[in-house]
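Here the structure is laid out as C-alpha cells; the discussion comes afterwards.
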Amino acid sequence: MLVVRAINASDLDALYGLASQVGTGMTTLKPDMTMLGDRLAIACASFAETIPPEKRDYMFVMEDTDSGRLAGVCAIKGAVGLEEPFYNYRIGTLVHSSRELDVFTRMETLYLSNDLTGSTELCSLFLHPDYRSGTNGKLLSKSRFLFIAQFPHLFTEKLIAEMRGYQAQDGSSPFYEGLGRHFFKMDFHHVDDLTSLGKKSFIAELMPRQPMYVAYLPDEAQEVIGKVHLSTAPARRLLEQEGLHFEGYVDIFDAGPVLQARVSELRAMRDSLPAVLDAPGGLEACALAADAEPYLVSNTDLKDFRMIVTDAMPQGGKLALHDDELHLLRCRHGDTVRTLSLNPRKHTHV
C-alpha cells in the first residue's frame with residue numbers, strides 16, 4: 001500500500017536515489033548528497049516547528065509500505081525569495097504607434113522581475129517511473145493541498161508552482177539557447193546546477209534589466225515560452241484542477257510557466273472537510289464504499305502528517321476505514337481526519 005508522509009532523517013539515501021532519476025531542469029531536486037542532507041534537515045525542523053514558518057520547507061515522500069521503497073517526493077516551501085533572490089520573467093506588452101504614419105504595433109516583452117517574492121511555493125514533485133499508474137500521481141501531488149487546507153495559517157496568501165520548461169530530445173532548452181546563453185556564456189546544465197546550489201547572484205549581475213522584445217528571439221525560443229516539459233504536462237493539469245493558473249510569469253532559463261493561485265481559493269480550502277473515524281459498518285457499508293469515488297484522507301498531525309487514498313466515502317461527518325488504512329494514517333477510531341474527493345466534482349443540476 002502507498003502512503004504520503006512527512007519526510008524523516010532516515011530517508012536521505014532513498015531521497016538521493018529518487019533525485020538521481022529526475023534529470024535536468026528541476027533545480028530543487030539535484031542528486032547532491034550535501035544539498036539534499038541540508039534540505040532534509042530543514043524539512044525535519046519545519047515539521048517540528050523549530051524554525052519560523054517563512055523559512056520552512058515541508059518535504060513529503062510517497063512510501064510503498066509493502067517494500068519500504070520510496071516511490072515519490074514533493075514539497076511546499078513556506079516563502080521564496082526572502083533569503084536569496086527569486087527571479088522570473090513577466091510577460092508584458094509595449095505599444096508603439098504613430099498617428100502620422102498610421103502605424104500601431106503591440107510588442108510582447110519579457111521583464112526581469114522579483115514580483116513573486118514571498119509566495120508559498122509548490123515544488124520538487126517527482127514520481128518514480130515504476131509507480132506512474134492509477135491514482136499515484138494524483139495522490140502525491142494533491143497531498144500538498146490537503147496539508148495546506150489543514151494548516152493554512154502556515155502559508156502566505158499567494159501560492160505558486162514553477163513548472164519545468166520545454167526541452168528538446170537532446171536535453172537542451174530552445175529558450176536558453178536563444179536568450180540566456182548570450183549573457184551567461186555557459187551550458188544550460190551548468191547554469192541549472194548553479195541555481196540549484198543557491199548561487200543566484202550572477203543572474204542580477206549578467207541579465208539585462210531593460211525589457212526584452214520577444215520578437216527578437218529565434219522562432220524556436222519564442223515557441224516554447226510558457227510551454228512545459230513533456231513529462232511535466234500531467235503535473236500541470238493536476239495543479240490546474242486544484243485552482244492554479246498561468247498569469248504570464250515564466251522561468252528565466254527555460255521559460256517554463258509559473259502557475260499561481262490565492263490559497264483561499266484552492267479547491268481543498270473550499271471542499272475539504274473534517275470527519276471522525278468510525279468502525280466499518282458491515283457488508284452493506286463495504287458495498288456502498290465499493291461504488292464510491294476515491295477520497296484523499298489525511299491525519300491532522302503536523303509533526304507526523306500522513307495521507308492515503310481510499311474508496312471509503314465520508315457520510316454525515318464520519319468515515320469508516322479498515323484497520324490497514326488506520327495503520328497507514330497512524331489513527332484510531334474516534335480521531336478526526338481531513339477528507340477531499342480525489343477528483344473535482346462535476347456540477348450537476350438538481
Side-chain angles (χ1 to χ4, degrees), residues 2-47 55-64 67-77 80 83-84 86-87 121-132 136-137 139-141 143-144 161-173 175-176 180 184 186-203 228-236 251-254 256:
L2 296 173
V3 61
V4 174
R5 60 170 175 79
I7 202 167
N8 60 54
S10 64
D11 292 321
L12 181 57
D13 289 341
L15 180 63
Y16 180 86
L18 281 177
S20 300
Q21 296 277 332
V22 173
T24 59
M26 189 182 293
T27 56
T28 60
L29 201 62
K30 292 288 186 180
D32 181 297
M33 190 64 85
T34 300
M35 184 187 77
L36 291 175
D38 291 343
R39 190 173 180 201
L40 191 149
I42 292 174
C44 292
S46 300
F47 288 111
K55 293 185 177 181
R56 295 179 189 174
D57 184 2
Y58 300 96
M59 295 187 74
F60 308 89
V61 291
M62 175 185 279
E63 180 184 352
D64 182 341
S67 64
R69 183 182 180 188
L70 292 193
V73 60
C74 61
I76 312 170
K77 289 192 176 183
V80 297
E83 295 185 338
E84 59 185 29
F86 189 78
Y87 294 101
E121 183 187 21
L122 302 176
C123 60
S124 306
L125 177 70
F126 179 73
L127 182 62
H128 193 284
D130 291 351
Y131 289 88
R132 292 176 187 173
N136 296 346
L139 169 62
L140 183 62
S141 177
S143 62
R144 297 172 295 184
E162 284 192 309
M163 311 304 292
R164 184 154 43 152
Y166 179 85
Q167 291 181 12
Q169 288 188 342
D170 62 1
S172 64
S173 165
F175 181 79
Y176 180 80
F184 297 121
M186 62 183 72
D187 183 78
F188 172 67
H189 303 300
H190 187 198
V191 171
D192 195 50
D193 289 339
L194 287 175
T195 55
S196 70
L197 296 172
K199 298 178 181 179
K200 297 183 179 180
S201 60
F202 71 91
I203 297 174
V228 296
H229 191 284
L230 290 177
S231 64
T232 306
R236 177 177 185 169
D251 182 80
I252 65 170
F253 296 121
D254 61 19

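- Residue Cys44 comes nearest to Ala9 through the heavy atom pair SG-N, 3.7 Å, listed as atom of the first residue, atom of the second, then distance.
- Annotation: the span from Phe60 atom CZ to Leu125 atom CG amounts to 12.0 Å, rounded to 0.5 Å.
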Practice task
Decide ring pair (Phe, Tyr, Trp, His ring centres under 6.0 Å) for Phe175 and Phe253; before the verdict, give the C-alpha distance in whole Å, the side-chain angles of both, and the deciding distance to 0.1 Å.
Solution key: CA-CA 7 Å; Phe175 181 79; Phe253 296 121; 9.3 Å; no
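- Taken from OH in Tyr131 to CG in Asn136, the straight-line distance is 9.0 Å, to the nearest 0.5 Å.
- Checked by atom type and distance alone, the side chain of Arg164 never pairs as donor or acceptor with a backbone atom of Gly256 at under 3.5 Å.
- The OH atom of Tyr176 sits 12.0 Å away from the CG atom of Asp251 when rounded to the nearest 0.5 Å.
- Distance check, rounded to the nearest 0.5 Å: NZ of Lys77 to CE of Met59 gives 9.0 Å.
- When every heavy atom of Leu140 is checked against every heavy atom of Cys74, the shortest pair comes out as O-SG, 3.4 Å.
- In this structure, CD on Gln21 lies 8.0 Å from CG on Asp130, to the nearest 0.5 angstrom.
- Ser46 contributes a side-chain N or O that, together with a main-chain N or O of Asp57, makes up a donor-acceptor pair within less than 3.5 Å.
- The minimum heavy-atom distance between Ile76 and Leu122, with the atom names listed, is CG1-CD2, 4.0 Å.
- What you find for Asp11 and Leu40 is that their closest heavy atoms are C-CD1, 4.2 Å.
- A heavy-atom distance below 4.5 Å is not found between the side chains of Val80 and Glu162.
- Closest of all the heavy-atom pairs between Cys123 and Arg39 is SG-NH2, 3.5 Å.
- Atom OH of Tyr166 sits about 8.5 Å away from atom OG of Ser172, to the nearest 0.5 Å.
- Looking at Lys55 and Ile42, their side chains never come closer than 4.5 Å, going by heavy atoms from C-beta outward.
- Scanning both residues, Ser231 and Pro234, for their nearest heavy atoms gives O-CD, 3.7 Å.
- The closest side-chain heavy-atom distance from Lys30 to Val22 is not below 4.5 Å.
- Side-chain contact between His128 and Met62: absent, with no pair of heavy atoms (C-beta onward) separated by less than 4.5 Å.
- Side-chain atoms of Leu36 and Leu29, non-hydrogen and from C-beta on, do get closer than 4.5 Å to each other.
- Between Tyr58 and Phe47, the two ring planes are perpendicular [angle over 60°; tilted spans 30° to 60°].
- Looking only at side-chain heavy atoms (C-beta outward), His229 and Asp254 stay at 4.5 Å or farther from each other.
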